[in-house]
Asks: 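Before anything else, here's the structure in question.
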Amino acid sequence: MSEVCFYDVRVIDGTSTSIVLDNGNIEEISVNYSRGCGARALCGGSWGFTTAEGNFDINDAITSASELAGQMDTISPKEKVELKSMEAPVLKDIPVAEIDPQDIPIEEKVQLLKDIDSHAKVDGISSTSAVYSETSVKMQYINSEGIDCEYDLIRTGFAISAVASEGGVYQVGRESRFGVSGYELFEKNDVFALAESAGRTAVELLGAKAAKGGTLPVILDPELAGVFAHEAVGHASEADLILEGSSILANRIGEQIASPLINIIDDPTLHEYGYYPFDSEGVQSSKTTIIKDGVLNSYLHSRETAAALGGIPGNCRAQGYSSPIVRMSNTYIDNGDSNFDEMLEEVKDGMYLTGSRGGQVNTGEGIFQFNAEKGYLVENGEVTTLLRDVSLSGKTLEILNNVTLVGNDLKMHSGRCGKGGQLAPVSDGSPHISISKALVGGA
């Protein structure tokens, strides 16, 4: 059997607390403690991977992964995998919780969530749901090259949804805040005002007009533009998708693919929800400029893809003990120098789209479809009628080239991103952006 040329192991100790309310009633309170590891071994061109939980021996996990890699390399040999070289990470500026959520009694957390929930119950709201979440993780990384490093991190947050319904039609308002911080998150955000805003949004949308579709100029708010940056551009720049042949950005480094006003960055060093000091391969986190002045500048890489394509690793992440894959962190369109009033003046007659209700993207074909939370008509440079059930769709590269103004009011929003069956905490953001023409869909 061939020799194993590399192995690594991540040991993770975690505690997570979750509280779920349905209409103000407790549906779930769970506190979970877990300890486990994920071990990888590389033999020629084959990876072996194994996980262990509870009381385990790291050496046994490495041996199991090594045997798997050796067997795979013998049965089905592949081209040898190279890994980009790396230095031991230097840990600095790690976020520290000002108030450790584990010091707050569970009763207090439940009461806070109930208070948030009650603030969402404005007149006209028929149902609410609220979630509190906290995780505390210690991550240790060890590999066969002599790297041994670890960090501790706390993430806290909440989400509130409110539903308004009438005559079989229903509308939802949502607000959430998640961060790499402790319980102080609830002091630094006006959580009751956010809850009321979720309630008001649902009620307003119930009385809003349905949008008419068409191709027209649009302004996107920071949340929807951030979702576009993440979904349509960020995923397409993940180097594993480039190598699989399922990205429109393959073989385009150095090409002008967007308006010169567009700069898209992925930065895991920012103290946002997607923060990490080093990735799941032990590589120190660093800022990557994906698009610089409209030119495709870099992909996001693991050590393997960085060696294959030429690039800098540091964007390889895993959920828990899962096998690491190329992922985004905090991805955003950087500030330009325009303001919202200039955009209204330029658009004249079009639409202003705000908030996000998800959507889908096909990175291989470079097409996307997103749903906005709200739409507004822009008539003669003024924001007028509220619209509901508005979608934005089109070709990623066309939209990037149709950006005519980029605002100076960058805002980040946090959430979780799914890929390969794994969820990872991320943030995305943008300033307001103006697009000369885009396809807007109605109900």
Side-chain angles (χ1 to χ4, degrees), residues 84 220 222 224-243 247-272 274-276 279 283-303 305-317 326-339 342-343 361 363 366 368 394-413 417 426-436 438:
K84 190 78 178 254
L220 305 186
L224 191 58
V227 168
F228 171 77
H230 171 101
E231 295 287 356
V233 179
H235 278 300
S237 70
E238 290 168 340
D240 53 347
L241 298 186
I242 301 289
L243 288 169
S247 170
I248 43 147
L249 300 184
N251 304 313
R252 300 186 97 139
I253 296 282
E255 270 187 42
Q256 186 90 30
I257 61 160
S259 154
L261 301 171
I262 290 285
N263 292 280
I264 296 183
I265 291 159
D266 184 89
D267 190 353
T269 69
L270 293 178
H271 288 194
E272 296 286 346
Y275 168 88
Y276 51 85
D279 73 356
V283 177
Q284 182 158 2
S285 59
S286 62
K287 175 177 168 177
T288 302
T289 302
I290 299 168
I291 296 177
K292 184 174 171 58
D293 303 328
V295 174
L296 183 61
N297 182 63
S298 179
Y299 300 132
L300 301 177
H301 285 289
S302 64
R303 292 183 66 189
T305 67
L309 292 170
I312 297 165
N315 276 85
C316 200
R317 303 177 69 188
V326 180
R327 302 299 297 262
M328 282 172 273
S329 60
N330 304 306
T331 314
Y332 61 96
I333 298 174
D334 207 2
N335 273 326
D337 52 14
S338 298
N339 62 46
E342 287 173 66
M343 293 181 188
V361 64
T363 53
F368 69 88
K395 295 181 175 168
T396 303
L397 297 180
E398 278 182 15
I399 294 292
L400 285 171
N401 279 292
N402 288 347
V403 172
T404 52
L405 294 172
V406 175
N408 54 9
D409 53 355
L410 168 65
K411 267 182 80 173
M412 301 293 283
H413 293 84
C417 167
V426 295
S427 290
D428 50 54
S430 174
H432 278 86
I433 63 171
S434 181
I435 298 165
S436 59

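FYI, side chains are in, hydrogens and waters are out, and symmetry mates aren't considered; it's all heavy atoms of this structure. Because the structure is predicted, anything quoted here is derived from the model rather than measured. Residue numbers start at 1 and run along the sequence shown.
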Asks: Kindly give the heavy-atom pair with the smallest separation between T305 and L300, and that separation in Å.
Replies: OG1-O, 4.4 Å
Asks: Roughly how far, to the nearest 0.5 Å, is the CE atom of M412 from the CG atom of L270?
Replies: 6.0 Å
Asks: List the residues meeting side chain to side chain contact (heavy atoms under 4.5 Å, CB included) with D337, not counting sequence neighbours, and say none if there are none.
Replies: none
Asks: Under the ring pair (Phe, Tyr, Trp, His ring centres under 6.0 Å) rule, collect the residues that match up with H413, sequence neighbours excluded.
Replies: none
Asks: What closest approach, in Å, do Y332 and D267 show between heavy atoms, and which atom pair accounts for it?
Replies: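 Of all heavy-atom pairs spanning Y332 and D267, the closest is CE2-CB, 4.3 Å.
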Asks: Would you mind reporting whether P431 and V406 have side-chain heavy atoms less than 4.5 Å apart?
Replies: yes
Asks: To check you understand the geometry: which heavy-atom pair defines the closest contact between G407 and M343, and what is its length?
Replies: N-CE, 3.3 Å
Asks: Looking at L309, I'd like to know if its CG atom is crowded, meaning that more than 12 non-hydrogen atoms belonging to other residues, nucleotides or ligands lie closer than 6.0 Å.
Replies: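 Yes, enclosed.
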Asks: For S298, give me all partners under side-chain hydrogen bond (donor to acceptor under 3.5 Å, both in side chains), at least two apart in sequence or on another chain.
Replies: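 Residues passing side-chain hydrogen bond (donor to acceptor under 3.5 Å, both in side chains) with S298: none at all.
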Asks: Compare every heavy atom of I242 with every heavy atom of A236, then report the nearest pair and how far apart it is.
Replies: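 Scanning both residues completely, I find the closest heavy atoms to be O-CD1, 3.4 Å.
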Asks: Quick one: pull up OG in S247 and CG in L241 and give me the separation to the nearest 0.5 Å.
Replies: 6.5 Å
Asks: What distance separates L224 CG from H432 NE2, expressed to the nearest 0.5 Å?
Replies: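 NE2 of H432 is found 10.5 Å from CG of L224.
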Asks: List in chain and number order the residues that pass side-chain hydrogen bond (donor to acceptor under 3.5 Å, both in side chains) with N339, two or more places apart in sequence or in another chain; answer none if no residue qualifies.
Replies: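 In terms of side-chain hydrogen bond (donor to acceptor under 3.5 Å, both in side chains), with neighbours along the sequence ignored, N339 is linked to E342.
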Asks: Could you tell me which residues satisfy side chain to side chain contact (heavy atoms under 4.5 Å, CB included) with A438, sequence neighbours excluded, listed by chain and number?
Replies: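 A438 satisfies side chain to side chain contact (heavy atoms under 4.5 Å, CB included) with V218, L392, I399, I435 once adjacent residues are dropped.
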Asks: Looking at R317 and D279, would you say the former's side chain and the latter's main chain have a donor-acceptor pair under 3.5 Å?
Replies: no
Asks: For a quick test of reading the model, state the closest non-hydrogen atom pair linking S430 to A225 and the distance between them.
Replies: OG-CB, 3.3 Å
Asks: Which residues pass the ring pair (Phe, Tyr, Trp, His ring centres under 6.0 Å) test with F368, not counting sequence neighbours?
Replies: F228, F370
Asks: What residues form a side chain to side chain contact (heavy atoms under 4.5 Å, CB included) with L296, not counting sequence neighbours?
Replies: L249, R252, I253, I257, I290, I291, Y299
Asks: Are any of the side-chain heavy atoms of V295 and D293 separated by less than 4.5 Å?
Replies: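 No, their side chains stay 4.5 Å or more apart.
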Asks: At what distance, to the nearest 0.5 angstrom, does CD1 of I264 lie from CG of D334?
Replies: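 Taking CD1 in I264 and CG in D334, the distance rounds to 10.0 Å.
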Asks: Only pairs at least two apart or in different chains count here, so list each salt bridge (charged side-chain N to carboxylate O under 4.0 Å, His left out) that has a residue in residues 226-239.
Replies: E238-K419
Asks: Quick one: does K287's side chain have a donor or acceptor within less than 3.5 Å of a partner on I265's backbone?
Replies: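 Answer holds: no.
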Asks: Listed by chain and number, what are the side chain to side chain contact (heavy atoms under 4.5 Å, CB included) partners of N297, not counting sequence neighbours?
Replies: T289, K292
Asks: Hey, could you give me the OG/CG distance between S338 and N408, rounded to the nearest 0.5 Å?
Replies: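 Here the interatomic distance stands at 7.5 Å.
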Asks: Just jot down the side-chain hydrogen bond (donor to acceptor under 3.5 Å, both in side chains) partners of D428, sequence neighbours excluded, or say none.
Replies: none
Asks: Supply the atom-to-atom distance N401 CG to L261 CG, rounded to the nearest 0.5 angstrom.
Replies: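 Rounded to the nearest 0.5 Å, the CG-CG separation comes out at 11.0 Å.
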Asks: Can you name the salt bridge (charged side-chain N to carboxylate O under 4.0 Å, His left out) partners of R303, sequence neighbours left out?
Replies: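 By the salt bridge (charged side-chain N to carboxylate O under 4.0 Å, His left out) rule, R303 matches E145.
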Asks: For H235, what residues pass the ring pair (Phe, Tyr, Trp, His ring centres under 6.0 Å) criterion, not counting sequence neighbours?
Replies: H230
Asks: If every non-hydrogen atom of P222 is compared with every non-hydrogen atom of D409, which pair is closest and at what distance?
Replies: CG-O, 4.0 Å
Asks: Tell me which one of D266, T269, T288 satisfies side-chain hydrogen bond (donor to acceptor under 3.5 Å, both in side chains) with S329.
Replies: D266
